[in-house]
Number of protein chains: 2
Amino acid sequence: MLGSSDLHPEKSILTQLRGFLAQAHLPEDGRLPPERELSAALGVSRAELRKALDVLESEGQLWRHVGKGTFMGSRPLDTFADIEALARRSNPAEVMRTRIAIEPEIARAAAFSATPSAISEMRLCLTRSRQAENWRQYEGWDTRLHRTIAEATQNSLLLGLFDTLNAVRRAVTWGRLRSAPLKPLTDHHSFAEHDAIVDAIEHRDMAGAAAAMRTHLQTVERKLLDRQ
Amino acid sequence: MLGSSDLHPEKSILTQLRGFLAQAHLPEDGRLPPERELSAALGVSRAELRKALDVLESEGQLWRHVGKGTFMGSRPLDTFADIEALARRSNPAEVMRTRIAIEPEIARAAAFSATPSAISEMRLCLTRSRQAENWRQYEGWDTRLHRTIAEATQNSLLLGLFDTLNAVRRAVTWGRLRSAPLKPLTDHHSFAEHDAIVDAIEHRDMAGAAAAMRTHLQTVERKLLDRQ
DNA sequence: AAGTCCAACCAAAACAAGATTGGTTCAGGA
DNA sequence: TCCTGAACCAATCTTGTTTTGGTTGGACTT
(Lines give C-alpha, C1' and ligand atoms only; values in the text may rest on other atoms or scores of the structure.)
Protein backbone atom coordinates (compact mmCIF):
# COMPACT_ATOMS: atom_id res chain seq x y z
CA MET A 1 0.00 0.00 0.00
CA LEU A 2 2.83 2.35 0.74
CA GLY A 3 5.32 0.69 -1.54
CA SER A 4 5.27 3.42 -4.13
CA SER A 5 7.87 6.10 -4.48
CA ASP A 6 6.22 8.56 -2.10
CA LEU A 7 3.70 8.36 0.68
CA HIS A 8 1.42 11.14 -0.50
CA PRO A 9 1.48 11.08 -4.27
CA GLU A 10 -1.76 13.02 -4.72
CA LYS A 11 -0.62 15.67 -2.31
CA SER A 12 2.65 16.22 -4.09
CA ILE A 13 0.84 16.52 -7.38
CA LEU A 14 -1.50 19.04 -5.80
CA THR A 15 1.36 21.20 -4.63
CA GLN A 16 3.10 20.80 -7.96
CA LEU A 17 -0.07 21.95 -9.70
CA ARG A 18 -0.52 24.85 -7.32
CA GLY A 19 3.02 25.93 -8.04
CA PHE A 20 2.47 25.73 -11.75
CA LEU A 21 -0.71 27.80 -11.52
CA ALA A 22 1.03 30.44 -9.42
CA GLN A 23 3.97 30.66 -11.80
CA ALA A 24 2.52 30.26 -15.29
CA HIS A 25 0.66 33.35 -16.46
CA LEU A 26 -2.69 32.38 -17.92
CA PRO A 27 -4.57 34.06 -20.75
CA GLU A 28 -7.09 36.81 -20.09
CA ASP A 29 -10.01 34.46 -19.50
CA GLY A 30 -8.12 32.43 -16.91
CA ARG A 31 -8.17 29.32 -19.02
CA LEU A 32 -5.48 26.78 -18.33
CA PRO A 33 -4.09 24.19 -20.76
CA PRO A 34 -6.20 21.13 -21.58
CA GLU A 35 -5.81 18.19 -19.26
CA ARG A 36 -3.93 16.13 -21.82
CA GLU A 37 -1.29 18.83 -22.33
CA LEU A 38 -1.05 19.70 -18.67
CA SER A 39 -0.61 16.12 -17.55
CA ALA A 40 2.20 15.67 -20.07
CA ALA A 41 3.84 18.95 -19.06
CA LEU A 42 3.75 18.04 -15.37
CA GLY A 43 4.86 14.49 -16.09
CA VAL A 44 1.89 12.89 -14.36
CA SER A 45 -0.93 10.74 -15.62
CA ARG A 46 -4.16 12.37 -16.61
CA ALA A 47 -6.07 10.51 -13.91
CA GLU A 48 -3.82 11.88 -11.17
CA LEU A 49 -3.98 15.37 -12.58
CA ARG A 50 -7.77 15.14 -12.60
CA LYS A 51 -7.75 14.15 -8.94
CA ALA A 52 -5.79 17.26 -8.10
CA LEU A 53 -8.10 19.36 -10.27
CA ASP A 54 -11.07 17.85 -8.45
CA VAL A 55 -9.67 19.15 -5.19
CA LEU A 56 -9.15 22.64 -6.56
CA GLU A 57 -12.63 22.63 -8.04
CA SER A 58 -14.19 21.55 -4.75
CA GLU A 59 -12.31 24.42 -3.18
CA GLY A 60 -14.01 26.70 -5.67
CA GLN A 61 -10.71 27.89 -7.11
CA LEU A 62 -11.53 26.79 -10.63
CA TRP A 63 -14.42 25.52 -12.74
CA ARG A 64 -14.60 23.16 -15.68
CA HIS A 65 -16.98 22.50 -18.53
CA VAL A 66 -16.95 19.80 -21.20
CA GLY A 67 -15.94 21.17 -24.56
CA LYS A 68 -14.89 24.51 -23.10
CA GLY A 69 -11.99 23.85 -20.78
CA THR A 70 -10.80 24.50 -17.24
CA PHE A 71 -10.76 28.03 -15.87
CA MET A 72 -9.50 29.77 -12.75
CA GLY A 73 -12.01 31.65 -10.61
CA SER A 74 -15.67 31.00 -10.00
CA ARG A 75 -18.11 29.80 -12.61
CA PRO A 76 -19.64 32.79 -14.45
CA LEU A 77 -23.38 33.21 -14.68
CA ASP A 78 -25.24 34.05 -17.85
CA THR A 79 -25.39 37.80 -18.31
CA PHE A 80 -28.78 37.65 -19.96
CA ALA A 81 -31.83 35.50 -19.52
CA ASP A 82 -32.92 33.79 -22.70
CA ILE A 83 -36.70 33.61 -22.58
CA GLU A 84 -36.90 31.02 -25.32
CA ALA A 85 -34.38 28.76 -23.64
CA LEU A 86 -36.31 29.00 -20.39
CA ALA A 87 -39.56 28.22 -22.17
CA ARG A 88 -38.01 25.25 -23.90
CA ARG A 89 -36.98 23.68 -20.61
CA SER A 90 -40.18 24.53 -18.81
CA ASN A 91 -43.83 23.47 -19.05
CA PRO A 92 -47.25 24.83 -18.13
CA ALA A 93 -47.33 23.11 -14.73
CA GLU A 94 -43.97 24.57 -13.79
CA VAL A 95 -45.05 28.02 -14.91
CA MET A 96 -48.11 27.75 -12.71
CA ARG A 97 -46.11 26.61 -9.69
CA THR A 98 -43.73 29.50 -10.24
CA ARG A 99 -46.58 31.98 -10.44
CA ILE A 100 -47.99 30.58 -7.19
CA ALA A 101 -44.58 30.98 -5.59
CA ILE A 102 -43.90 34.54 -6.70
CA GLU A 103 -47.05 36.50 -7.41
CA PRO A 104 -48.43 36.32 -3.86
CA GLU A 105 -45.24 37.98 -2.65
CA ILE A 106 -45.67 40.63 -5.33
CA ALA A 107 -49.18 41.28 -4.05
CA ARG A 108 -47.81 41.52 -0.52
CA ALA A 109 -45.27 44.14 -1.60
CA ALA A 110 -47.96 45.97 -3.56
CA ALA A 111 -50.13 46.19 -0.46
CA PHE A 112 -47.25 48.01 1.19
CA SER A 113 -46.27 50.34 -1.64
CA ALA A 114 -49.29 50.89 -3.89
CA THR A 115 -50.28 54.50 -4.59
CA PRO A 116 -53.93 55.54 -4.81
CA SER A 117 -53.61 56.05 -8.56
CA ALA A 118 -52.24 52.53 -8.95
CA ILE A 119 -55.18 51.18 -6.99
CA SER A 120 -57.65 53.09 -9.14
CA GLU A 121 -56.01 51.58 -12.22
CA MET A 122 -56.54 48.15 -10.70
CA ARG A 123 -60.20 49.04 -10.21
CA LEU A 124 -60.38 50.01 -13.85
CA CYS A 125 -59.02 46.62 -14.86
CA LEU A 126 -61.64 44.93 -12.70
CA THR A 127 -64.46 46.90 -14.33
CA ARG A 128 -63.20 46.31 -17.87
CA SER A 129 -62.72 42.61 -17.31
CA ARG A 130 -66.34 42.37 -16.18
CA GLN A 131 -67.44 44.15 -19.34
CA ALA A 132 -65.36 41.94 -21.60
CA GLU A 133 -67.35 40.40 -24.45
CA ASN A 134 -65.03 37.53 -25.26
CA TRP A 135 -62.25 35.53 -23.73
CA ARG A 136 -59.52 37.48 -25.44
CA GLN A 137 -60.63 40.80 -24.01
CA TYR A 138 -61.01 39.27 -20.57
CA GLU A 139 -57.55 37.79 -20.75
CA GLY A 140 -56.12 41.13 -21.78
CA TRP A 141 -57.56 42.94 -18.75
CA ASP A 142 -56.60 40.09 -16.47
CA THR A 143 -53.00 40.29 -17.66
CA ARG A 144 -53.02 44.05 -17.22
CA LEU A 145 -54.38 43.75 -13.70
CA HIS A 146 -51.58 41.42 -12.68
CA ARG A 147 -49.00 43.70 -14.20
CA THR A 148 -50.50 46.77 -12.55
CA ILE A 149 -50.10 45.01 -9.23
CA ALA A 150 -46.48 44.28 -10.05
CA GLU A 151 -45.93 47.92 -11.00
CA ALA A 152 -47.51 49.00 -7.72
CA THR A 153 -44.65 47.41 -5.79
CA GLN A 154 -42.52 50.30 -7.08
CA ASN A 155 -39.75 47.74 -7.33
CA SER A 156 -38.32 47.78 -10.85
CA LEU A 157 -36.40 44.56 -10.33
CA LEU A 158 -39.44 42.69 -9.04
CA LEU A 159 -41.37 44.08 -12.01
CA GLY A 160 -38.65 42.90 -14.36
CA LEU A 161 -38.76 39.39 -12.95
CA PHE A 162 -42.54 39.42 -13.26
CA ASP A 163 -42.24 40.44 -16.92
CA THR A 164 -39.74 37.66 -17.53
CA LEU A 165 -42.06 35.15 -15.92
CA ASN A 166 -44.91 36.46 -18.03
CA ALA A 167 -42.92 36.23 -21.26
CA VAL A 168 -42.04 32.62 -20.48
CA ARG A 169 -45.65 31.89 -19.66
CA ARG A 170 -46.80 33.19 -23.03
CA ALA A 171 -44.05 31.32 -24.88
CA VAL A 172 -44.90 28.07 -23.12
CA THR A 173 -48.65 28.27 -23.60
CA TRP A 174 -48.26 29.31 -27.22
CA GLY A 175 -46.02 26.37 -27.89
CA ARG A 176 -48.10 23.72 -26.15
CA LEU A 177 -51.70 24.84 -26.08
CA ARG A 178 -51.92 26.60 -29.40
CA SER A 179 -54.71 24.28 -30.42
CA ALA A 180 -56.91 25.55 -27.60
CA PRO A 181 -60.12 26.71 -29.22
CA LEU A 182 -61.65 30.09 -28.49
CA LYS A 183 -62.96 29.51 -25.04
CA PRO A 184 -66.47 30.68 -24.32
CA LEU A 185 -66.80 33.45 -21.80
CA THR A 186 -68.64 31.50 -19.16
CA ASP A 187 -67.87 31.01 -15.52
CA HIS A 188 -65.57 33.57 -14.08
CA HIS A 189 -65.35 32.98 -10.40
CA SER A 190 -62.18 34.97 -10.83
CA PHE A 191 -64.14 38.20 -10.52
CA ALA A 192 -64.63 37.81 -6.78
CA GLU A 193 -61.04 36.63 -6.34
CA HIS A 194 -59.69 39.64 -8.19
CA ASP A 195 -61.83 41.89 -6.04
CA ALA A 196 -60.45 40.29 -2.89
CA ILE A 197 -56.87 40.92 -4.02
CA VAL A 198 -57.42 44.59 -4.79
CA ASP A 199 -59.46 45.08 -1.62
CA ALA A 200 -56.63 43.70 0.48
CA ILE A 201 -54.09 45.89 -1.29
CA GLU A 202 -56.27 48.96 -0.74
CA HIS A 203 -56.57 48.16 2.97
CA ARG A 204 -52.78 47.72 3.21
CA ASP A 205 -53.44 44.14 4.31
CA MET A 206 -50.18 42.54 3.17
CA ALA A 207 -50.89 39.04 4.43
CA GLY A 208 -54.42 39.22 3.06
CA ALA A 209 -53.20 40.34 -0.36
CA ALA A 210 -50.73 37.50 -0.54
CA ALA A 211 -53.33 34.98 0.57
CA ALA A 212 -55.92 36.28 -1.88
CA MET A 213 -53.46 36.12 -4.76
CA ARG A 214 -52.45 32.60 -3.81
CA THR A 215 -56.08 31.50 -3.66
CA HIS A 216 -56.74 33.05 -7.05
CA LEU A 217 -53.78 31.40 -8.74
CA GLN A 218 -54.63 28.04 -7.22
CA THR A 219 -58.08 28.38 -8.74
CA VAL A 220 -56.50 29.07 -12.11
CA GLU A 221 -54.26 26.05 -11.65
CA ARG A 222 -57.21 23.84 -10.83
CA LYS A 223 -58.98 24.95 -14.00
CA LEU A 224 -55.87 24.12 -16.00
CA LEU A 225 -55.72 20.64 -14.51
CA ASP A 226 -59.43 20.03 -15.08
CA ARG A 227 -59.11 20.88 -18.74
CA GLN A 228 -56.49 18.19 -19.29
CA MET B 1 -44.86 55.52 -69.65
CA LEU B 2 -47.91 53.32 -69.94
CA GLY B 3 -46.78 51.49 -73.01
CA SER B 4 -46.08 48.21 -71.30
CA SER B 5 -48.29 45.14 -71.49
CA ASP B 6 -50.40 46.08 -68.46
CA LEU B 7 -51.24 49.29 -66.71
CA HIS B 8 -50.44 48.18 -63.17
CA PRO B 9 -47.67 45.63 -63.33
CA GLU B 10 -46.73 45.87 -59.69
CA LYS B 11 -50.34 45.51 -58.64
CA SER B 12 -50.86 42.36 -60.65
CA ILE B 13 -47.75 40.85 -59.16
CA LEU B 14 -49.00 41.80 -55.73
CA THR B 15 -52.30 40.00 -56.25
CA GLN B 16 -50.48 37.04 -57.75
CA LEU B 17 -48.26 36.88 -54.69
CA ARG B 18 -51.21 37.22 -52.33
CA GLY B 19 -52.90 34.33 -54.09
CA PHE B 20 -49.80 32.21 -53.83
CA LEU B 21 -49.46 32.90 -50.12
CA ALA B 22 -53.12 32.04 -49.52
CA GLN B 23 -52.87 28.81 -51.46
CA ALA B 24 -49.42 27.39 -50.70
CA HIS B 25 -49.17 25.89 -47.23
CA LEU B 26 -46.08 27.17 -45.50
CA PRO B 27 -43.89 25.31 -43.00
CA GLU B 28 -44.51 25.58 -39.29
CA ASP B 29 -42.47 28.73 -38.80
CA GLY B 30 -44.27 30.58 -41.58
CA ARG B 31 -41.18 30.84 -43.70
CA LEU B 32 -41.73 31.27 -47.42
CA PRO B 33 -39.35 30.23 -50.19
CA PRO B 34 -36.27 32.35 -50.84
CA GLU B 35 -36.70 35.26 -53.20
CA ARG B 36 -34.72 33.58 -55.98
CA GLU B 37 -36.92 30.49 -55.95
CA LEU B 38 -40.16 32.40 -55.52
CA SER B 39 -39.43 34.79 -58.36
CA ALA B 40 -38.72 31.86 -60.66
CA ALA B 41 -41.84 30.01 -59.53
CA LEU B 42 -44.05 33.04 -60.11
CA GLY B 43 -42.32 33.81 -63.40
CA VAL B 44 -41.37 37.35 -62.40
CA SER B 45 -38.07 39.03 -61.93
CA ARG B 46 -36.58 39.20 -58.48
CA ALA B 47 -36.72 42.98 -58.45
CA GLU B 48 -40.46 43.02 -59.10
CA LEU B 49 -41.07 40.34 -56.51
CA ARG B 50 -39.15 42.40 -54.00
CA LYS B 51 -41.32 45.41 -54.74
CA ALA B 52 -44.41 43.34 -53.93
CA LEU B 53 -42.76 41.97 -50.80
CA ASP B 54 -41.92 45.53 -49.76
CA VAL B 55 -45.63 46.34 -49.86
CA LEU B 56 -46.56 43.33 -47.78
CA GLU B 57 -43.84 44.12 -45.30
CA SER B 58 -44.99 47.72 -44.96
CA GLU B 59 -48.45 46.33 -44.29
CA GLY B 60 -46.94 44.28 -41.46
CA GLN B 61 -48.02 40.99 -42.99
CA LEU B 62 -44.49 39.59 -43.13
CA TRP B 63 -40.98 40.32 -41.96
CA ARG B 64 -37.55 39.66 -43.45
CA HIS B 65 -34.03 39.28 -42.22
CA VAL B 66 -30.79 38.81 -44.15
CA GLY B 67 -29.47 35.30 -43.88
CA LYS B 68 -32.66 34.05 -42.27
CA GLY B 69 -35.40 34.46 -44.83
CA THR B 70 -38.88 35.93 -45.22
CA PHE B 71 -41.61 34.99 -42.77
CA MET B 72 -45.34 35.53 -42.49
CA GLY B 73 -46.69 37.24 -39.40
CA SER B 74 -45.21 39.96 -37.24
CA ARG B 75 -41.55 40.19 -36.39
CA PRO B 76 -40.86 38.36 -33.12
CA LEU B 77 -39.74 40.64 -30.33
CA ASP B 78 -36.50 40.24 -28.49
CA THR B 79 -36.69 37.32 -26.14
CA PHE B 80 -33.78 38.46 -24.00
CA ALA B 81 -34.19 40.01 -20.60
CA ASP B 82 -31.35 42.48 -20.45
CA ILE B 83 -29.61 42.15 -17.12
CA GLU B 84 -27.71 45.40 -17.53
CA ALA B 85 -30.87 47.37 -18.22
CA LEU B 86 -32.45 45.97 -15.06
CA ALA B 87 -29.34 46.74 -13.03
CA ARG B 88 -29.27 50.31 -14.32
CA ARG B 89 -32.77 50.98 -13.06
CA SER B 90 -32.31 49.18 -9.76
CA ASN B 91 -30.31 49.69 -6.59
CA PRO B 92 -28.96 47.63 -3.70
CA ALA B 93 -31.96 48.23 -1.44
CA GLU B 94 -34.35 47.12 -4.14
CA VAL B 95 -32.28 44.02 -4.82
CA MET B 96 -32.42 43.17 -1.13
CA ARG B 97 -36.18 43.66 -0.95
CA THR B 98 -36.60 41.46 -3.99
CA ARG B 99 -34.46 38.74 -2.48
CA ILE B 100 -36.57 38.88 0.68
CA ALA B 101 -39.69 38.56 -1.41
CA ILE B 102 -38.58 35.65 -3.56
CA GLU B 103 -35.93 33.51 -1.91
CA PRO B 104 -38.11 32.43 1.04
CA GLU B 105 -40.59 31.00 -1.45
CA ILE B 106 -37.72 29.23 -3.21
CA ALA B 107 -36.70 27.71 0.11
CA ARG B 108 -40.30 26.66 0.68
CA ALA B 109 -40.39 24.88 -2.69
CA ALA B 110 -36.99 23.32 -2.02
CA ALA B 111 -38.27 21.85 1.24
CA PHE B 112 -40.89 20.10 -0.81
CA SER B 113 -38.73 18.87 -3.69
CA ALA B 114 -35.12 18.58 -2.52
CA THR B 115 -33.39 15.26 -3.11
CA PRO B 116 -30.99 13.78 -0.52
CA SER B 117 -28.04 14.48 -2.79
CA ALA B 118 -29.10 18.11 -3.08
CA ILE B 119 -29.28 18.35 0.69
CA SER B 120 -25.84 16.83 1.07
CA GLU B 121 -24.50 19.41 -1.35
CA MET B 122 -26.04 22.11 0.83
CA ARG B 123 -24.25 20.56 3.81
CA LEU B 124 -21.00 20.70 1.87
CA CYS B 125 -21.53 24.40 1.25
CA LEU B 126 -22.12 24.94 4.97
CA THR B 127 -18.92 23.14 5.88
CA ARG B 128 -16.83 24.95 3.28
CA SER B 129 -18.19 28.33 4.25
CA ARG B 130 -17.15 27.63 7.84
CA GLN B 131 -13.66 26.72 6.66
CA ALA B 132 -13.35 29.81 4.50
CA GLU B 133 -10.16 31.76 5.15
CA ASN B 134 -11.26 35.07 3.68
CA TRP B 135 -14.38 36.96 2.75
CA ARG B 136 -14.18 36.05 -0.92
CA GLN B 137 -14.20 32.33 -0.26
CA TYR B 138 -17.03 32.71 2.23
CA GLU B 139 -19.07 34.70 -0.28
CA GLY B 140 -18.47 32.09 -2.94
CA TRP B 141 -19.82 29.27 -0.81
CA ASP B 142 -22.69 31.40 0.40
CA THR B 143 -23.69 32.11 -3.19
CA ARG B 144 -23.39 28.46 -4.08
CA LEU B 145 -25.56 27.45 -1.13
CA HIS B 146 -28.34 29.75 -2.23
CA ARG B 147 -28.14 28.47 -5.78
CA THR B 148 -28.13 24.86 -4.63
CA ILE B 149 -31.36 25.58 -2.79
CA ALA B 150 -32.82 27.05 -5.96
CA GLU B 151 -31.73 24.00 -7.94
CA ALA B 152 -33.34 21.77 -5.34
CA THR B 153 -36.77 23.11 -6.26
CA GLN B 154 -36.43 21.10 -9.48
CA ASN B 155 -38.21 24.01 -11.13
CA SER B 156 -36.14 25.23 -14.06
CA LEU B 157 -38.15 28.41 -14.41
CA LEU B 158 -37.82 29.34 -10.76
CA LEU B 159 -34.11 28.59 -11.05
CA GLY B 160 -33.89 30.82 -14.10
CA LEU B 161 -35.55 33.71 -12.30
CA PHE B 162 -33.20 33.19 -9.35
CA ASP B 163 -30.19 33.34 -11.69
CA THR B 164 -31.53 36.52 -13.24
CA LEU B 165 -31.97 38.06 -9.81
CA ASN B 166 -28.47 37.00 -8.87
CA ALA B 167 -26.95 38.43 -12.02
CA VAL B 168 -28.63 41.76 -11.36
CA ARG B 169 -27.44 41.67 -7.76
CA ARG B 170 -23.85 41.23 -8.84
CA ALA B 171 -24.14 43.92 -11.50
CA VAL B 172 -25.66 46.37 -9.02
CA THR B 173 -23.21 45.77 -6.19
CA TRP B 174 -20.26 45.84 -8.53
CA GLY B 175 -21.40 49.11 -10.00
CA ARG B 176 -22.12 50.88 -6.73
CA LEU B 177 -20.02 49.29 -4.02
CA ARG B 178 -16.96 48.43 -6.01
CA SER B 179 -14.85 50.48 -3.67
CA ALA B 180 -15.69 48.22 -0.75
CA PRO B 181 -12.38 47.13 0.76
CA LEU B 182 -11.58 43.51 1.48
CA LYS B 183 -13.76 42.91 4.47
CA PRO B 184 -12.24 41.02 7.33
CA LEU B 185 -13.69 37.63 8.09
CA THR B 186 -15.15 38.42 11.48
CA ASP B 187 -18.66 38.01 12.76
CA HIS B 188 -20.67 35.46 10.88
CA HIS B 189 -23.97 35.02 12.65
CA SER B 190 -25.02 33.70 9.27
CA PHE B 191 -23.65 30.26 10.10
CA ALA B 192 -26.53 29.43 12.43
CA GLU B 193 -29.06 30.96 10.05
CA HIS B 194 -27.76 28.90 7.15
CA ASP B 195 -27.96 25.80 9.30
CA ALA B 196 -31.56 26.57 10.20
CA ILE B 197 -32.51 26.87 6.52
CA VAL B 198 -30.96 23.56 5.53
CA ASP B 199 -32.33 21.83 8.63
CA ALA B 200 -35.85 22.93 7.75
CA ILE B 201 -35.44 21.79 4.16
CA GLU B 202 -34.15 18.44 5.32
CA HIS B 203 -37.15 18.02 7.64
CA ARG B 204 -39.53 18.94 4.80
CA ASP B 205 -40.67 21.87 6.91
CA MET B 206 -41.83 24.21 4.15
CA ALA B 207 -43.05 27.04 6.37
CA GLY B 208 -39.94 26.73 8.51
CA ALA B 209 -37.65 26.88 5.50
CA ALA B 210 -39.37 30.00 4.21
CA ALA B 211 -39.22 31.65 7.62
CA ALA B 212 -35.56 30.75 8.15
CA MET B 213 -34.63 32.13 4.76
CA ARG B 214 -36.54 35.35 5.43
CA THR B 215 -34.84 35.76 8.79
CA HIS B 216 -31.46 35.20 7.22
CA LEU B 217 -31.99 37.72 4.42
CA GLN B 218 -33.33 40.30 6.85
CA THR B 219 -30.12 39.90 8.85
CA VAL B 220 -28.11 40.48 5.69
CA GLU B 221 -30.23 43.55 4.93
CA ARG B 222 -29.66 44.94 8.42
CA LYS B 223 -25.90 44.56 8.00
CA LEU B 224 -26.10 46.39 4.68
CA LEU B 225 -27.98 49.28 6.29
CA ASP B 226 -25.60 49.45 9.26
CA ARG B 227 -22.63 49.76 6.96
CA GLN B 228 -24.03 52.83 5.27
C1' DA C 1 -34.42 58.53 -71.08
C1' DA C 2 -36.64 55.56 -68.27
C1' DG C 3 -37.73 51.20 -66.87
C1' DT C 4 -36.63 46.22 -66.67
C1' DC C 5 -33.84 42.35 -66.35
C1' DC C 6 -29.80 39.87 -65.15
C1' DA C 7 -25.71 38.88 -63.07
C1' DA C 8 -22.58 39.77 -59.61
C1' DC C 9 -21.34 41.12 -55.14
C1' DC C 10 -22.01 41.99 -49.92
C1' DA C 11 -22.78 40.96 -45.08
C1' DA C 12 -25.53 38.37 -41.94
C1' DA C 13 -27.05 34.07 -40.76
C1' DA C 14 -27.46 29.17 -41.18
C1' DC C 15 -25.36 24.90 -42.03
C1' DA C 16 -21.89 21.15 -42.06
C1' DA C 17 -17.86 18.73 -41.00
C1' DG C 18 -13.88 18.32 -38.11
C1' DA C 19 -11.17 19.06 -34.09
C1' DT C 20 -10.99 20.01 -28.84
C1' DT C 21 -12.10 19.16 -24.31
C1' DG C 22 -13.80 17.48 -19.82
C1' DG C 23 -15.90 13.12 -18.28
C1' DT C 24 -16.09 7.99 -18.28
C1' DT C 25 -14.99 3.18 -19.02
C1' DC C 26 -12.07 -0.80 -19.48
C1' DA C 27 -8.35 -4.04 -20.49
C1' DG C 28 -3.53 -4.64 -19.15
C1' DG C 29 0.28 -4.42 -16.17
C1' DA C 30 3.18 -3.22 -12.07
C1' DT D 1 -4.97 -3.48 -5.52
C1' DC D 2 -3.89 0.43 -7.79
C1' DC D 3 -2.40 2.97 -11.69
C1' DT D 4 -1.84 3.65 -16.55
C1' DG D 5 -2.88 4.38 -21.16
C1' DA D 6 -6.01 4.20 -24.61
C1' DA D 7 -10.44 4.42 -26.37
C1' DC D 8 -14.95 6.29 -26.33
C1' DC D 9 -18.72 9.91 -25.37
C1' DA D 10 -21.17 14.18 -25.60
C1' DA D 11 -20.82 19.10 -25.39
C1' DT D 12 -18.46 22.79 -27.41
C1' DC D 13 -15.52 25.32 -30.37
C1' DT D 14 -13.51 26.12 -34.92
C1' DT D 15 -13.46 26.56 -39.67
C1' DG D 16 -15.23 26.75 -44.11
C1' DT D 17 -19.16 26.62 -47.16
C1' DT D 18 -23.84 27.63 -48.41
C1' DT D 19 -27.96 30.21 -48.22
C1' DT D 20 -30.45 34.52 -47.87
C1' DG D 21 -32.11 39.30 -48.05
C1' DG D 22 -30.08 43.67 -49.65
C1' DT D 23 -27.50 46.37 -53.16
C1' DT D 24 -25.10 47.79 -57.27
C1' DG D 25 -23.95 48.27 -62.13
C1' DG D 26 -24.18 47.15 -66.98
C1' DA D 27 -26.97 45.52 -70.95
C1' DC D 28 -31.31 45.46 -73.19
C1' DT D 29 -35.98 47.11 -74.36
C1' DT D 30 -39.25 50.56 -75.23
In whole Å, I'd like the distance from the [atom1] atom of [X] to the [atom2] atom of [N].
| X | N | atom1 | atom2 | result |
| --- | --- | --- | --- | --- |
| B:L49 | C:dT4 | CG | P | 14 Å |
| A:F71 | D:dA11 | CZ | P | 18 Å |
| A:L38 | C:dT21 | CG | P | 12 Å |
| A:I13 | D:dC2 | CD1 | C1' | 13 Å |
| A:R50 | D:dT4 | CZ | P | 14 Å |
| B:W63 | C:dA13 | CH2 | C1' | 11 Å |
| A:E37 | C:dT20 | CD | P | 10 Å |
| A:E35 | D:dT4 | CD | P | 14 Å |

Check whether B:E35 reaches the backbone of B:L49 with its side chain - one donor and one acceptor, N or O, closer than 3.5 Å. no

Backbone of B:R36 reached by a side-chain donor or acceptor of B:S39 within 3.5 Å: yes

Nearest-nucleotide pick for [X], side chain only, options being [options]:
| X | options | answer |
| --- | --- | --- |
| B:R46 | D:dG21, D:dC3, D:dT12 | D:dG21 |
| A:K51 | D:dG21, C:dT21, D:dC3 | D:dC3 |
| B:K68 | D:dG22, C:dA14, C:dT24 | C:dA14 |
| A:R36 | C:dT21, D:dT20, C:dC5 | C:dT21 |

Between [X] and [N], does any side-chain N or O lie under 4.0 Å from OP1 or OP2?
| X | N | answer |
| --- | --- | --- |
| A:R64 | C:dG23 | yes |
| A:H65 | D:dT12 | yes |
| B:T70 | D:dG21 | yes |

Please walk me through it: do B:E105 and A:R108 pass salt bridge (charged side-chain N to carboxylate O under 4.0 Å, His left out)? CA-CA 13 Å; B:E105 296 306 308; A:R108 183 194 306 274; 5.7 Å; no

Contact nearer the 5' end of DNA chain D, comparing A:V44 with A:R31: A:V44

Comparing B:G67 with B:A47, nearest DNA chain C nucleotide closer to 5' gives the residue B:A47

Before accepting this row, confirm whether a basic side-chain N of the pair A:R99/A:E221 lies closer than 4.0 Å to the acidic partner's carboxylate O. no

B:R123 with B:D199: basic N within carboxylate O range, under 4.0 Å: yes

Give me the ring orientation class for B:H194 and B:Y138: parallel if the planes are under 30° apart, tilted from 30 to 60°, perpendicular past 60°. parallel

To the nearest 10 degrees, the angle between the two end axes of the helix from C:dA1-D:dT30 to C:dA30-D:dT1 (five pairs per end) comes to 10°

Are more than 12 heavy atoms from other residues, nucleotides or ligands located less than 6.0 Å from atom CZ of A:F20? yes

